[in-house]
There are 2 protein chains.
Amino acid sequence: MGNLADRIEEYLKMILDDAQEGYVVLQRGFLAEFFSCAPSQINYVLTTRFTAEKGYVVESRRGGGGYLRIIKLGLDPEGKFQRLMAELIGEEMSQTRAYNLIDRLLEEEILTEREAVIIKGIFAERLLADLIPNPNELRARLMKDILANICRDDVNN
Amino acid sequence: MGNLADRIEEYLKMILDDAQEGYVVLQRGFLAEFFSCAPSQINYVLTTRFTAEKGYVVESRRGGGGYLRIIKLGLDPEGKFQRLMAELIGEEMSQTRAYNLIDRLLEEEILTEREAVIIKGIFAERLLADLIPNPNELRARLMKDILANICRDDVNN
DNA sequence: GATATTATGACCTTCTTTGACCTTAATTAA
DNA sequence: TTAATTAAGGTCAAAGAAGGTCATAATATC
């Protein structure tokens, strides 16, 4: 984890883990100071690492008393899965978006690490690009199929 | 073993042997510098010498903090997987042949039932046929990648 | 000599970092 | 009670820092 963005991400996830309410509130300026970086670097980290796919919501407020609130969402297993599928996947899915979603499923322990690695493998642009007209469409389709199969009771004991 | 590519290969395998995690992380630029060669020479070595068939997986990341990660696959005793990849799978694979192979891997407890279901899903003709010119070629490629990934030590503890 | 392998360089894509400038909210002064 | 000031956070473009690709040149190999 050499770079700044990764370190900030790590730090935020660490304090999120400690917060049992499931969210943290802090100031952008404080973070920027803490990591000796431009304040906009914080926004960069938030928009690239704390996305909906990855299971986070970020709220904020400007002006005096302004703040950032980073909320970690849980996936309760009550069929909201299907909604997630439809909303998040759509008709097309880039490698990056697919990987984000897989990481999320891994964090939620819906996938094992081995499964995550296998699935990431088959979604790799490198493997698909020259063989398929539209890899994004295939990924969306496969992702839905995979999620459906994961939900099957008969294979989850 | 006089040429550059061979020396780079040798060097990488040496440091891989020293790494008890089963992988090494390093920078392409550093390697190119180290061997006084064009950076693309490193890619040449990676694509010709560190393939799945030969028992390696390579991951990478661009941009600041970018890196190459070369993973040495945990070799099964007789190099069973390598043979499987080269001989059994070849360049094309029908749904039927793929399913047979998956069943066998399941029987041998190389795959879990869930994994088998997931993988069969993505190999289904129904999902691939209308989107891809040659599903058999894609299956062969994906199957090799999957086999490689399940040999990774870092995800099998 | 023909073919296969290896090496290079020009150009491309992706990811990160910074800084200048903008918007919004709270506080304070007139 | 406005109006000005201050204190936040937001946006965007440009520069920097990696790795990737591909055509071509150079070398081995047969």
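Numbered from 1 within each chain, the chains take letters A, B, ... in sequence-line order.
- Of the N and O atoms on the side chains of B/N43 and B/R28, at least one donor lies less than 3.5 Å from an acceptor on the other residue.
- By the 4.0 Å N-to-carboxylate-O rule, A/K144 lies close enough to A/E91 to be salt-bridged with it.
- DNA chain C is contacted by both B/T48 and A/C37; B/T48 maps to the nucleotide lying nearer its 5′ end (nearest heavy atom per residue).
- Judged by a 6.0 Å distance limit and a 45° cone about the ring axis, A/K13 is positioned over the six-membered ring of A/F50.
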Between N or O atoms, less than 3.5 Å apart, protein on one side and nucleotides 16-22 of chain D on the other: list the pairs.
unit_1: D/dA18; atom_1: O4'; unit_2: B/G63; atom_2: O; d: 3.4
unit_1: D/dA18; atom_1: N3; unit_2: B/G63; atom_2: N; d: 3.2
unit_1: D/dG19; atom_1: OP1; unit_2: B/R28; atom_2: N; d: 2.8
unit_1: D/dG19; atom_1: OP2; unit_2: B/R28; atom_2: N; d: 3.2
unit_1: D/dG19; atom_1: OP2; unit_2: B/G29; atom_2: N; d: 2.9
unit_1: D/dG19; atom_1: N7; unit_2: B/R28; atom_2: NH2; d: 3.3
unit_1: D/dG19; atom_1: N2; unit_2: B/R62; atom_2: NH1; d: 3.4
unit_1: D/dG20; atom_1: OP1; unit_2: B/S60; atom_2: OG; d: 2.9
unit_1: D/dG20; atom_1: OP2; unit_2: B/N43; atom_2: ND2; d: 2.8
unit_1: D/dG20; atom_1: O4'; unit_2: B/R62; atom_2: NH2; d: 3.1
unit_1: D/dG20; atom_1: N7; unit_2: B/R28; atom_2: NH1; d: 2.9
unit_1: D/dG20; atom_1: N7; unit_2: B/R28; atom_2: NH2; d: 3.0

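- As rounded to whole Å, 15 Å separates atom P of C/dT6 from atom CZ of B/F35.
- Atom P of nucleotide C/dT14 and atom CG of A/N3 are separated by 18 Å, given to the nearest angstrom.
- Residues forming a side-chain hydrogen bond (donor to acceptor under 3.5 Å, both in side chains) with A/E107 (at least two apart in sequence, or on another chain): A/K72.
- The pair B/D145-A/R126 counts as a salt bridge, with a side-chain nitrogen and a carboxylate oxygen less than 4.0 angstrom apart.
- The phosphate of C/dT6 has OP1 or OP2 within less than 4.0 Å of a side-chain N or O from B/Y44.
- Within 4.0 Å of B/I42, counting heavy atoms only, lies no atom of the nucleic acid at all.
- As a whole-Å value, the separation of B/R7 CZ from C/dT6 P is 13 Å.
- If you take CG of B/L4 and C1' of C/dA7, they are 8 Å apart, rounded to a whole angstrom.
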Legend entry - Contact pattern, 5' to 3', of nucleotides 25-30 of chain D - B, S or - by protein heavy atom under 4.0 Å: ------
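- Distance, A/E125 CD to C/dC12 P: 19 Å, rounded to whole Å.
- Just one residue in the list A/E53, A/E92, A/E125 forms a salt bridge (Lys or Arg N to Asp or Glu O under 4.0 Å) with A/R97, and that residue is A/E53.
- Residue B/Q41 places at least one side-chain N or O under 4.0 Å from the OP1 or OP2 atom of C/dA7.
- Contact annotation for A/R49: backbone-only contact, meaning every heavy-atom pair under 4.0 Å involves sugar-phosphate atoms and none involves a base.
- One finds a salt bridge joining A/R141 and B/D130 here, because a Lys/Arg side-chain nitrogen approaches an Asp/Glu carboxylate oxygen to under 4.0 Å.
- The separation between A/E33 atom CD and D/dA7 atom C1' is 15 Å, rounded to whole Å.
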Inset, instruction - With side chain to side chain donor-acceptor pair (under 3.5 Å) as the test, would you mind laying out the steps for B/R139 and B/N136 before giving the verdict? - result: CA-CA 5 Å; B/R139 279 194 204 90; B/N136 289 343; 2.8 Å; yes
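- Geometric assessment of B/R61 against the ring of B/Y67 yields a negative cation-pi assignment under the 6.0 Å and 45° thresholds.
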